[in-house]
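Atoms within each ligand, like the ligands themselves, are counted from 1 in listed order.
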Amino acid sequence: MNNQLLLSLVEKYGSPLYVYDSEIISNQYKRLTKAFKKVKKVKINYAVKALSNVNILKLFKTYGAGLDTVSKQEVLLGLHAGFKPKDIVYTPNGVSLKEIEDVAQMGVQINIDNLSILEQFGHHYPKIPVCIRINPHILAGGNHKISVGHIDSKFGISIHQVPHILRIVENTKMKINGIHMHTGSDILDIDVFVSAADILFDVAKQFDNLEFIDFGSGFKVPYKLGDISTDIEELGEKLTARFNEFSKEYGRELTLMFEPGKFLVSEAGYFLASVNVIKQTTSTVFAGVDSGFNHLIRPMFYDSYHEIINLSNPDGKNRYYTVVGYICETDTFASNRPIHEIHEGDILCFKNAGAYCFSMASNYNSRFKPAEVLIHNGNDYLIRNRETIEDILRNQTEIEL
Ligand SMILES: *Cc1c(COP(=O)(O)O)cnc(C)c1O
């Protein structure tokens, strides 16, 4: 990404600002589909929660992608963006039977991840096909908060409970059309992924009416120089061979599904903030920016590393800074980080700001959420207005006191 272009966007749209580059999103999508080109039927469902601006969803629609959703509201967004219900998979956790019924009525593919709801749903709607989320108990998360495959995880139905699933299917006569897993973000090891897939095949062959197997996501992308990232091409080779072999054994051409979020959008996003103040203490130089965990919470919530560059002084000498926000709580983006010399008023760029950044933003401290800009085919488009005080007050009802 061109630094001058990013700086000009801050001048045009103000700070702080989220900027997304559609070319990077499109390249990641192409990379993934290319890696699995030897599987006859492949469907990529973009995980909406990573970045849910409706224009981003429309972008994925132009690629022929589907959507992976985790709430009724994400389903409504997807339908608003023009997706057909059959191109949306709904994979909730801990939601009510009522919400699952509502989404099923819309014609969206339901994915159920607990025995209680499975039994109730099957009892009431034996004709609506459902997918089952299996927990293969593979520990693959990069951070304990986003690792969802272990034995005591709240996600998925344990592989040890497959006999129970089969009994529910037999009793209710419901139809299972898909088997799913999602073992958590940040999978480092392809062999871990492939062993989880093998476990899933073992489950899949016990169901007669499958149309697809959904391998979830968890692909890792580099956040800093030298980071390991998922070798999608190698995964493609290894999993394609196994999948095609399984399809043959199963006796029907199954669809291979994935539902990546981070892999598709993380590297396409840039978060731009300006430096309000440089403050020197006895041991530390703080750079305080016009943002905080209200706009980008990953460093504080997950200890995530986001590379930070000083767009305003690209040739400056490296100095060590602790980059903090303006929230009245400790909100440290980076500690003791070498960054080109920072002056007040400089614009800092936080990289990998496409996934789980804007979508996790809040109004804490009654701050406005930033504007979002999409760079597409050489043009820049404002895809979300910066908030105003009206947005903060919108749903507050004022009583006489
Ligand atoms: C969040 C989520 C994803 C996307 O995970 P990434 O690590 O962003 O690729 C996929 N599937 C389900 C069910 C999810 O909850």
Per-atom filter on ligand 1: closer than 4.0 angstrom to a heavy atom of Lys262 are 6 (P), 8 (O), 9 (O)
For ligand 1, is any non-hydrogen atom under 4.0 Å from Ala47's backbone (N, CA, C, O), its side chain (CB onward), both, or neither? side chain
For the residue pair Asn276 / Asp290, report whether a side-chain donor-acceptor contact shorter than 3.5 Å exists. no
State yes or no: are the ring centers of Phe350 and Tyr270 separated by less than 6.0 Å? no
Scan side-chain atoms only and decide if Asn377 and Glu23 contain a donor-acceptor pair under the 3.5 Å cut-off. no
List the residues meeting side chain to side chain contact (heavy atoms under 4.5 Å, CB included) with Lys49, not counting sequence neighbours, and say none if there are none. Val70, Glu74, Tyr356
Could a heavy atom of Tyr356 be found less than 4.0 Å from some atom of ligand 1? yes
Counting heavy atoms only, which of Lys49, Met181, Glu259 is nearest atom 10 (C) of ligand 1? Glu259
Backbone or side chain, does any N or O of Gly261 fall under 3.5 Å from an N or O of ligand 1? yes
So the atoms of ligand 1 within less than 4.0 Å of a heavy atom of Pro260 turn out to be 9 (O)
Under-4.0 Å heavy-atom contact with ligand 1, by part of His182 that carries it: side chain
State yes or no: are the ring centers of Tyr46 and Tyr29 separated by less than 6.0 Å? no
Geometric N/O contact His180 with ligand 1, under 3.5 angstrom: no
With sequence neighbours left out, write down each residue that passes salt bridge (charged side-chain N to carboxylate O under 4.0 Å, His left out) with Lys43, or none if nothing qualifies. Asp87
